[in-house]
Amino acid sequence: MNVVVCAKQIPDPAAPQSLEASNNLNRSGKLILDEADTYGVEMALQLVDAAGSGEVTVVSMGSAADVAGLRNALAMGAAKAVIVSDDALRGADALTTAKVLAAAIGRLEPDLVLAATESSDGYTGTLPVQLAELLDLPSITFAKKVTVNGATISVERQTEAGYDEVSAPLPAVVTVTAGVVEPRYASFKGIMAAKSKPVEILSVADLGLSDVVAAGTGQEVTRVVAAEARQSGEKYVDDGDGAQKIVAFLESIKVI
Amino acid sequence: MTLTSLWVLAEPSNGSLSTASLELLSAARGLASNVAAITWGDASAAAGLAGEYGASTLYSVGDLGGALPGAPVASAIARLVETHGAPDAILIPTSYDGRDVAGRLSAKLNRTVLTNVTGLADNGGLETEHPIFGGTQSAFAHFTGEAPGIVVVRAKSFAAESAAGAPAAIVEAPTGELGASGAARVVASHVEERTGPQLEDAAVVVSGGRGLGSADKYSMIEELATLLKGAAGASRAIVDAGWVPYSRQVGQTGKTVKPTVYLACAISGATQHMVGMKGSKNIVAVNKDPDAPIFQIADLGIVGDVNTVLPALIEALRQRA
Ligand SMILES: Cc1cc2nc3c(=O)[nH]c(=O)nc-3n(C[C@H](O)[C@H](O)[C@H](O)COP(=O)(O)OP(=O)(O)OC[C@H]3O[C@@H](n4cnc5c(N)ncnc54)[C@H](O)[C@@H]3O)c2cc1C
């Protein structure tokens, strides 16, 4: 079974973030593999293992100036990576990104495409399903458990009330939530092997999408303003009276 | 007013419509004179509520035959746009199925999507507001292309207020040919037992974080929620650790809540958590670290150990019950 995992290199979410003058996220610093994508990589490796044959390909879009994040996925065990990198893609919206990834993934004819439910930096949360629609594939989002049986994929999908058992024929697009599997740490051997694994860099023109990308996104940020800050109230060090303070507060706002 | 027509995805929920859908209908009728809703499943049950909250028409996709809603509902909406003309925008709640519909529809219509929206205004066209960087800043955006704009709005961004409208007129909205894209089927549904109100609808939310120390301590959070007739929530740290299901998560990647009071227990107050709860009317925090960021937004802060403060609070509330 051949599995494609959509993965993104993002600015470290723990570091302070800022916008460029264009109102795009400043991505000029060091980029890392989005932690949200490590679950998809791990899941893909486990599914290929269980199937007994096939490989995992990581597909990405973004700056290819530094591909350490993708090498990280290769070190975990993915066989190769493809990244579409092009100045024309700056400020691309989720739909444009989906068109680019669809073109890159279509060439690989995978049995399964995995993605995170959303990226940690942009968190639009629609890309995987846009991708599924463009590839004319079924999609199952918010998977908390995934099993493949022959040409059918079965997923436990998170719902408001609990979970649904959902199945679809392969090929399909599935998004996984954090915590579905425990992503492995890359071994020393894995890290060494990753250095010689192929990372293919494609341009928009390579995919025949120059016109599509030039058409623009259809959305624009007009302004960014500081949000109103909330004021803090009283703070007490608990002297055995903390609970009573809370009770009195709840009474004062008539909750009890 | 520059907006004339808005459509709202009205999601079925327990034989009714989801609260988030009613919030969107309430917002839509304040922005445009012509509001229609789109639903699936039993439309006759939903027409009263959709009308009451401001929709004049209810487009009914009908029974989905066990399919996940994303593909068939998006297909039906795309056909409506073809046959009835495009509204200015289509408003969709941020939910599991809502995001699926939005993604499918975007690709079908070749229109961009604006997501994580918490505010809407008519500013020479539809203007959307998006909290960024953990809600410390707001970005405002608009569509520059052809209608309809597709907007995915977070729950609790608007109040759900009845307009006492007459039932909406039901119009059939069949799906087109789906092919492989519509092949995902729900085989079985599992409902986790739950008592008390839903997290988003509760007047009191008691949330626990990593500082609880272990999964079994979460029972204190649940007991407090029950005693206060509220709902139990969580930080992402303990969702990722597998202590509680994702549906309990409050924050950027979880739910937005705006209860009368939010009780944050052993939660540090990361911006990604606070963006989901700082709209609460009152905030109480219990944390043993006096410098925990959560205290910066708490109306009442108790610097203390949850292992002593929470049992004492449970005991005090029990005695009042
Ligand atoms: C892209 C992205 C999205 C995210 N989305 C979310 C989200 O939606 N929701 C969310 O919650 N987080 C989210 N996070 C994670 C967030 O950044 C924090 O890591 C998380 O909220 C921390 O959870 P916590 O407060 O429970 O744990 P910690 O930050 O570890 O805090 C634990 C707190 O407990 C206190 N404590 C310890 N022991 C005790 C005790 N005995 N008594 C009292 N207090 C004690 C400590 O002082 C500390 O303040 C996101 C992160 C990223 C990068």
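Convention: sequence-line order gives letters A, B, ...; per-chain numbering from 1. Quick caveat: nothing in here was measured; it's all calculated off a predicted structure.
- Using a 4.5 Å heavy-atom cutoff, the side chains of B:F133 and A:L19 are in contact.
- When all heavy atoms of B:D299 and A:F249 are compared, the closest pair comes out as CB-CZ, 3.9 Å.
- Within residues 88-110 of chain A, the residues approaching chain B closer than 4.5 Å by heavy atoms are, in numerical order, A:D93, A:L95, A:K99.
- Using the six-membered ring where Trp is involved, B:Y96 and A:F142 have ring planes that are perpendicular, over 60° apart on the 30 and 60° scheme.
- Using a 4.0 Å cut-off between charged side-chain N and carboxylate O, A:D164 and B:R185 make no salt bridge.
- A donor-acceptor pair under 3.5 Å links the side-chain atoms of A:R230 to the main chain of B:I297, judged by distance alone.
- With 3.5 Å as the limit, one finds no donor-acceptor pair spanning the side chains of B:T144 and A:E220.
- In this structure, CZ on A:R223 lies 8.0 Å from CD on B:E129, to the nearest 0.5 angstrom.
- Two residues are said to be in side-chain contact when any heavy atoms from C-beta on lie closer than 4.5 Å; B:H142 and A:T222 meet this criterion.
- Side-chain contact annotation: B:R104 with A:T126, donor-acceptor N/O pair under 3.5 Å absent.
- Residue contact with chain B, scored on non-hydrogen atoms closer than 4.5 Å, involves the backbone of A:S120 exclusively.
- A side-chain donor-acceptor contact under 3.5 Å links B:T112 and A:Q219.
- Contact of A:L25 with chain B is made through the side chain alone, with heavy-atom distances under 4.5 Å.
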Solution key, residues 300-313 of chain B side-chain donor-acceptor pairs under 3.5 Å, sequence neighbours excluded:
| unit_1 | atom_1 | unit_2 | atom_2 | d |
| --- | --- | --- | --- | --- |
| B:D305 | OD1 | B:N307 | N | 2.8 |
| B:D305 | OD1 | B:N307 | ND2 | 3.1 |
| B:N307 | OD1 | B:K217 | NZ | 3.3 |
| B:T308 | OG1 | B:D305 | O | 3.0 |

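- Among the candidates A:S139, A:P169, A:S154, the residue making the largest number of heavy-atom pairs closer than 4.5 Å to chain B is A:S139.
- Proximity of a side-chain donor or acceptor of A:K235 to a complementary backbone N or O of B:P290 within less than 3.5 Å is detected.
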